[in-house]
Structures are given as C-alpha cells and as structure tokens.
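Scroll down for the structure; my scribbles are underneath it.
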There are 2 protein chains.
Amino acid sequence: MDEMRIGDLASRAQVSTRALRYYEEQGILHSERTPSGQRVYSESAVDRVRLIQHLFSAGLASRTIALILPCVDTGHASPEMLVSLHTERDRITTVIADLQEAQRRLDQVIELTEHSTPEQCARVRDAAGRTSALAGAGAPA
Amino acid sequence: MDEMRIGDLASRAQVSTRALRYYEEQGILHSERTPSGQRVYSESAVDRVRLIQHLFSAGLASRTIALILPCVDTGHASPEMLVSLHTERDRITTVIADLQEAQRRLDQVIELTEHSTPEQCARVRDAAGRTSALAGAGAPA
DNA sequence: CCTCACGTTGACGTCAAGGGCAAGTTCTGC
DNA sequence: GCAGAACTTGCCCTTGACGTCAACGTGAGG
C-alpha cells in the first residue's frame with residue numbers, strides 16, 4: 001500500500017483533497033502522476049502533509065513553508081534563506097509571547113469568574129457552613 | 001485632554017481610523033458621539049485598543065474578543081462563556097505547542113545550515129588554517 | 001457495456017481584518 | 001465666512017486557505 005491516490009492520502013492525513021491540490025499548487029507538496037494524470041503519493045506523503053499542517057497551524061504562510069521545506073529536506077540553506085529563517089523565528093517568538101499574554105488574561109478572567117460567579121457567590125453566602133460550596137458546579141444547560 | 005476623537009485615538013494607539021471603526025462595527029470598541037455624530041473617546045480607550053491589538057495579534061478572532069472583553073471588564077462570565085473561555089484557552093495552548101514545534105524545526109535547520117552550508121564547508125576545508133573561516137560570509141548577489 | 005465512485009482542471013465563493021475611495025458633513029484657524 | 005483638515009457612512013477591493021460547483025476523464029466491478 002505504498003502507492004496511494006489523493007483520496008487515500010486525504011483520509012490518512014485528515015485533510016481535504018482540495019487542500020492537497022492547493023498544497024501542490026503552492027509548491028509545497030509534490031506528486032507523481034499516472035499516465036492518465038492522476039496523482040500518486042507514496043507513504044511518506046502522509047508525514048509530509050502532517051508536517052505541512054503543523055506549520056500552517058503554527059501560522060506560517062504557504063510561501064514561507066515553500067521556502068523552508070527544501071531546507072528541512074536537504075539540511076542546508078542559502079544565506080538569504082537563513083535571513084528569512086531567522087526572521088520567521090523571531091516572528092514566531094513574538095507571536096508566542098502574545099499568545100501567552102492572551103492566555104494569562106484568559107486565565108485571570110477564568111480564575112476570577114470560576115470562583116466568583118454571582119451564582120457561586122450567592123451559593124457560598126447562602127450555604128456558608130454546608131459540605132462544599134463548590135460541589136454543585138456541574139454541567140449547566 | 002480626556003476627550004479625543006478618532007484621529008487622536010488612532011495615532012495614540014497606533015492603528016488606523018479604519019480599524020477603529022471596524023472594531024466598533026464588531027462590537028469590541030464603543031464610543032460616545034457628539035450631537036453631530038462624531039466619535040468621542042476617553043483616555044481609557046487607548047489601553048482598550050492596545051488590549052484589542054494584543055488579542056488580535058495573539059490570533060483571537062473579533063467574535064472571540066467580543067465574547068471575552070465583557071468578562072475582562074466585569075470579572076465574571078456566564079457558565080457558557082466559561083466554556084468558551086476554556087475552549088479558547090485550550091486552542092491557544094495547542095497553537096503555542098505548534099508554534100514551538102515549528103520553531104524547533106526552524107532551529108534545527110538554522111543550526112544545521114549555519115554551520116554547514118556548502119560554501120562554508122568548502123571554505124572551512126580550503127582555508128583550514130587561515131584567520132577566520134567565516135569572515136567572508138557577507139551579502140551574496 | 002454500463003455504472004459509479006473517484007479523479008482532473010477551472011472558476012467562482014467565503015471569511016476576516018482591514019485598505020481605500022467617494023460623497024457628503026463638521027470642526028478649526030485665520 | 002471660507003478654506004481645508006478631520007469626520008461620517010457606504011461600498012468595493014485585497015489576501016490566504018481553502019469550499020464548492022461544473023464539466024469532464026478514468027478505472028474497477030457486475
């Protein structure tokens with residue numbers, strides 16, 4: 001089962017066939033073709049697509065991915081590419097920082113609300129002496 | 001100078017007026033109006049906009065921001081909102097993980113290439129004994 | 001041979017976060 | 001009181017990563 005077609009790859013890598021064709025269009029995924037023109041992928045394409053997905057979900061643009069994938073493969077890059085790589089690395093660093101900042105804020109809100117919703121405040125007040133004031137915080141609606 | 005108009009806010013918060021109107025349209029930034037209809041903001045709007053920018057650059061969508069801003073303000077949220085907050089928190093966590101993964105890959109490539117481009121390998125080989133093998137690695141083409 | 005799922009390319013739709021323009025109003029300075 | 005800057009709404013344009021539909025080719029089974 002080393003030779004698969006686009007549908008197989010799509011289901012194995014959990015992406016749409018449209019996405020796979022798009023990746024090829026963007027030059028970040030290559031395929032062999034049968035004489036009739038149908039795409040044929042090898043087993044390794046699955047990992048490839050997963051990697052691409054990771055990079056996408058990390059916020060890299062397809063052009064950036066196109067840029068770095070050959071480097072990942074060959075293990076070396078031209079000096080200009082190195083600059084891009086560093087640039088991208090820095091960008092990611094700041095995005096991570098922003099994300100962590102946002103998460104801190106979310107955590108603050110969660111912290112605050114999770115222990116002080118009006119309901120729970122009331123419950124704490126009303127039942128200040130029963131078993132556990134937070135016991136009834138189960139699934140609502 | 002507690003009362004400012006959109007242009008002032010824009011320049012103070014480093015965003016376009018278009019963006020500010022967009023934020024208002026999305027319900028994440030509110031304004032008073034003069035009788036003639038011009039937007040008036042208070043000093044606190046600057047921080048507000050900066051916060052919004054942070055959340056945006058952390059990858060939150062405007063609807064999500066619209067969702068959490070009231071919580072940030074009031075310090076409490078409805079149970080359903082709490083669910084959303086947790087969901088968002090989890091999403092951010094995985095995005096951060098993806099980013100770090102991507103960064104690790106970038107670092108690998110950078111590491112590899114920065115110390116083993118063909119040019120530098122050759123140079124190291126050819127000039128193994130001169131001043132500094134990395135001296136001439138300036139801008140190419 | 002027919003069917004029917006699967007494949008192909010091409011072209012258009014979508015969604016988000018604004019950019020940019022147009023046409024009209026309002027504020028500010030001289 | 002008038003020029004010109006700043007404001008208003010409304011509308012279409014852009015970019016990226018696909019979704020979706022159309023119209024057609026292909027290949028394995030009955």
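Proteins get letters first, then strands, A, B, ... in listed order; numbering begins at 1 in each.
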NA contact type, [X], heavy-atom cut-off 4.0 Å: base, sugar-phosphate, or nothing?
| X | result |
| --- | --- |
| B:S16 | sugar-phosphate |
| A:R21 | base |
| B:T17 | nothing |

Among [options], the nucleotide that comes nearest once only the side chain of [X] is considered:
| X | options | value |
| --- | --- | --- |
| B:Y22 | C:dA17, D:dC18, D:dT8 | C:dA17 |
| B:S36 | D:dT8, C:dG18, C:dC27 | C:dC27 |
| B:R5 | D:dT9, D:dC7, C:dG18 | D:dC7 |
| A:R18 | C:dG18, C:dA11, C:dC27 | C:dA11 |
| A:R63 | D:dC18, D:dG16, C:dT26 | D:dG16 |

Tell me: [atom1] of [X] to [atom2] of [N], nearest whole Å?
| X | N | atom1 | atom2 | answer |
| --- | --- | --- | --- | --- |
| B:E32 | D:dT8 | CD | P | 14 Å |
| B:D8 | D:dA5 | CG | P | 16 Å |
| B:Y23 | C:dA16 | OH | P | 15 Å |
| A:Q53 | D:dA17 | CD | P | 12 Å |
| B:L9 | D:dT8 | CG | P | 11 Å |
| B:I6 | C:dC27 | CD1 | C1' | 15 Å |
| B:Q14 | C:dG18 | CD | P | 14 Å |
| B:R33 | C:dT25 | CZ | P | 17 Å |

- Query: What are the two closest heavy atoms between A:I65 and A:I52, and how far apart are they?
  - Reply: CD1-O, 4.1 Å
- A:Q38 or A:L20: which one's nearest nucleotide on DNA chain D is closer to the 5' end? A:L20
- Message: To the nearest 0.5 Å, what is the distance between CD1 on B:I96 and CZ on B:R91?
- Response: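 B:I96 atom CD1 to B:R91 atom CZ measures 10.0 Å (nearest 0.5 Å).
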Is the shortest side-chain N to carboxylate O distance from [X] to [Y] below 4.0 Å?
| X | Y | answer |
| --- | --- | --- |
| B:E101 | B:R104 | yes |
| A:R18 | A:E24 | no |
| A:R48 | A:E43 | no |

- With a 3.5 Å cut-off and no angle check, do the side chains of A:D2 and A:S42 form a donor-acceptor pair?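 Absent: no donor and acceptor within the cut-off.
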- Message: Would you say A:T93 and B:Q103 are linked by a side-chain donor-acceptor pair, where the criterion is simply a distance under 3.5 Å?
- Response: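 Checked: B:Q103/A:T93 side chains pair up, N/O donor to acceptor below 3.5 Å.
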- Message: Using a strict heavy-atom distance below 4.0 Å, which residues from residues 83-94 of chain A are in contact with DNA chain D?
- Response: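 Residues of residues 83-94 of chain A under 4.0 Å from DNA chain D: none.
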- Considering just the side-chain nitrogens and oxygens of B:R39, establish if one lies under 4.0 Å of OP1 or OP2 belonging to D:dC7. no
- Message: Against B:R39, only a single residue in B:R5, B:E32, B:M4, B:R21 fulfils side chain to side chain contact (heavy atoms under 4.5 Å, CB included); can you say which?
- Response: B:R21
